Amino acid sequence: MNYYLQMLIDTIFGFAALFLLTKVLGKTQITQLTPFDFISALILGELVGNALFDKEASVVEIGFVIVLWGGLIYLTEIITQKFKRTRSILEGGPDFVIYRGKLIRDVMKKNNLDINQLHSLLRAKDVFSLKEVEFAFMETNGTVSVIRKPPYQTPNKQELQVSTEKVNLATTLINDGEIIYDNLKEKNLTEEWLMEQLESQQYKSVTDVFYAEYKKGEDLFILPFVNRNHYKYDGK
């Protein structure tokens, strides 16, 4: 009887600790599950499971395992937030699988993706032919994001007719208050031009901007920093 009572206590404690850990780590652990996150979750479950059914494992030992592994995962998240250059190493990044309607073979090979798997991922996006696709990204969580060619795009309420113009891909120029110089250079834009665009929209500094997106033929799309009370960040 004492053994079952101890199992009950350990199980309730393990459940509560995992629930708390999920709240601490945030929702991105589920909604944006990367291969690293998936493996981490498996290992954490295995560690907790083994500790629960180990007669010699106490509540303290179970708590230590959860805190230690959860702390390592949380530390990884902090590093990727504080040091942006580590994101590509620790989290990876999206890759073009299809660019301007053409399959990128080396990206497919890098991701161990064959044509049948690609078709399956596209069908999940309601795309049933490769000829419909202008751009396709392989996301870090293994899904594919798709931009259709203009003739295959669904018209929205702002359109009276389906546009057949060339698709222009949006490019991030500012992220977390920092200029992405590689993207700026790729689009043949200058920092002076970027500052003029910010000033025209009443932003005095790059540090006031959380996100800025450039798309040819359109005004620069800017999102300011917003605090938890949803007031616009005023830079003060």
Side-chain angles (χ1 to χ4, degrees), residues 27-39 41-42 80 84-176 178-190 193-194 197 209-223:
K27 296 179 180 178
T28 56
Q29 291 296 309
I30 297 174
T31 59
Q32 297 178 352
L33 196 65
T34 64
F36 175 77
D37 297 328
F38 178 70
I39 294 172
L42 288 179
T80 57
K84 299 179 180 65
R85 294 182 182 275
T86 64
R87 293 178 184 176
S88 60
I89 299 173
L90 297 175
E91 295 182 351
D95 286 325
F96 279 109
V97 179
I98 299 175
Y99 185 85
R100 295 291 183 193
K102 297 180 180 179
L103 286 170
I104 310 301
R105 184 180 180 184
D106 57 342
V107 174
M108 293 183 65
K109 185 177 181 180
K110 173 186 174 183
N111 290 278
N112 296 317
L113 183 68
D114 61 40
I115 194 66
N116 292 330
Q117 292 172 323
L118 179 58
H119 275 298
S120 178
L121 292 170
L122 291 175
R123 286 194 295 271
K125 299 294 183 179
D126 294 326
V127 176
F128 296 90
S129 175
L130 288 175
K131 71 178 181 180
E132 300 179 13
V133 182
E134 184 77 355
F135 299 103
F137 305 88
M138 173 63 72
E139 303 290 355
T140 55
N141 61 2
T143 61
V144 169
S145 300
V146 178
I147 299 178
R148 289 183 172 91
K149 294 177 181 178
Y152 301 100
Q153 293 178 0
T154 303
N156 55 45
K157 294 181 179 180
Q158 295 179 340
E159 295 177 323
L160 297 177
Q161 296 179 353
V162 177
S163 174
T164 58
E165 296 179 357
K166 185 178 181 180
V167 175
N168 292 309
L169 190 64
T171 302
T172 302
L173 297 184
I174 298 176
N175 184 31
D176 288 352
E178 295 184 5
I179 299 175
I180 311 299
Y181 287 99
D182 290 342
N183 291 350
L184 200 66
K185 183 178 180 181
E186 181 182 345
K187 294 298 179 180
N188 295 318
L189 302 173
T190 64
W193 173 88
L194 180 60
Q197 294 295 312
V209 179
F210 179 64
Y211 177 82
E213 179 181 279
Y214 169 78
K215 197 171 184 179
K216 187 176 181 181
E218 299 181 8
D219 293 335
L220 191 67
F221 176 68
I222 300 175
L223 293 176

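Just so it is clear, the structure is predicted and the values come from calculations on it, not from any experiment.
The side-chain heavy atoms of Phe221 and Lys215, taken from C-beta on, include no pair separated by under 4.5 Å. No side-chain heavy atom of Glu139 sits less than 4.5 Å from a side-chain heavy atom of Leu121. Side-chain contact between Met108 and Leu118 is present, with heavy atoms from C-beta onward closer than 4.5 Å. Within the 4.5 Å cutoff, the side chain of Val127 has heavy atoms near those of the Arg148 side chain. Proximity of Thr171 to Leu184: side-chain heavy atoms (C-beta onward) are nowhere separated by under 4.5 Å.
One finds the CD1 atom of Ile115 at 11.5 Å from the OG atom of Ser120 (value rounded to the nearest 0.5 Å). The CG atom of Leu189 sits 10.5 Å away from atom NZ of Lys216, with the distance rounded to the nearest 0.5 Å. Interatomic distance, CD1 of Ile104 versus CG of Leu113, reported as 12.5 Å (0.5 Å rounding). Put simply, CD1 on Ile98 and CD1 on Ile147 are 11.5 Å apart, with the number rounded to the nearest 0.5 Å. Summarising the geometry, atom CG belonging to Leu122 is positioned 11.0 Å from atom CG belonging to Asp126; distances are rounded to the nearest 0.5 Å. Taking NZ of Lys187 as the reference point, atom CG of Asp182 lies at 13.5 Å (rounded to 0.5 Å).
Side-chain N or O atoms of Lys149 include one that pairs as donor or acceptor with a backbone N or O of Lys131 at under 3.5 Å. Remark: the backbone N or O of Glu178 is not paired with any side-chain donor or acceptor of Asp176 at under 3.5 angstrom.
Between Leu220 and Gln197 the shortest heavy-atom distance is CD2-CB, 3.8 Å. In terms of heavy atoms, Met138 sits closest to Val97 at CB-CG2, 3.5 Å.
Side-chain contact check for Thr172 and Glu213: no donor-acceptor pair (N or O, by modelled atom type) lies under 3.5 Å.
In this structure, Phe135 and Phe137 have parallel ring planes: the angle between them is below the 30° cut-off, well short of the 60° mark.
Evaluated for a side chain to side chain contact (heavy atoms under 4.5 Å, CB included) with Tyr214, the options Leu173, Ile174, Leu169 yield exactly one hit, Leu173.
A salt bridge links Glu134 with Arg100: the closest approach of a Lys/Arg side-chain nitrogen to an acidic carboxylate oxygen falls below 4.0 angstrom.
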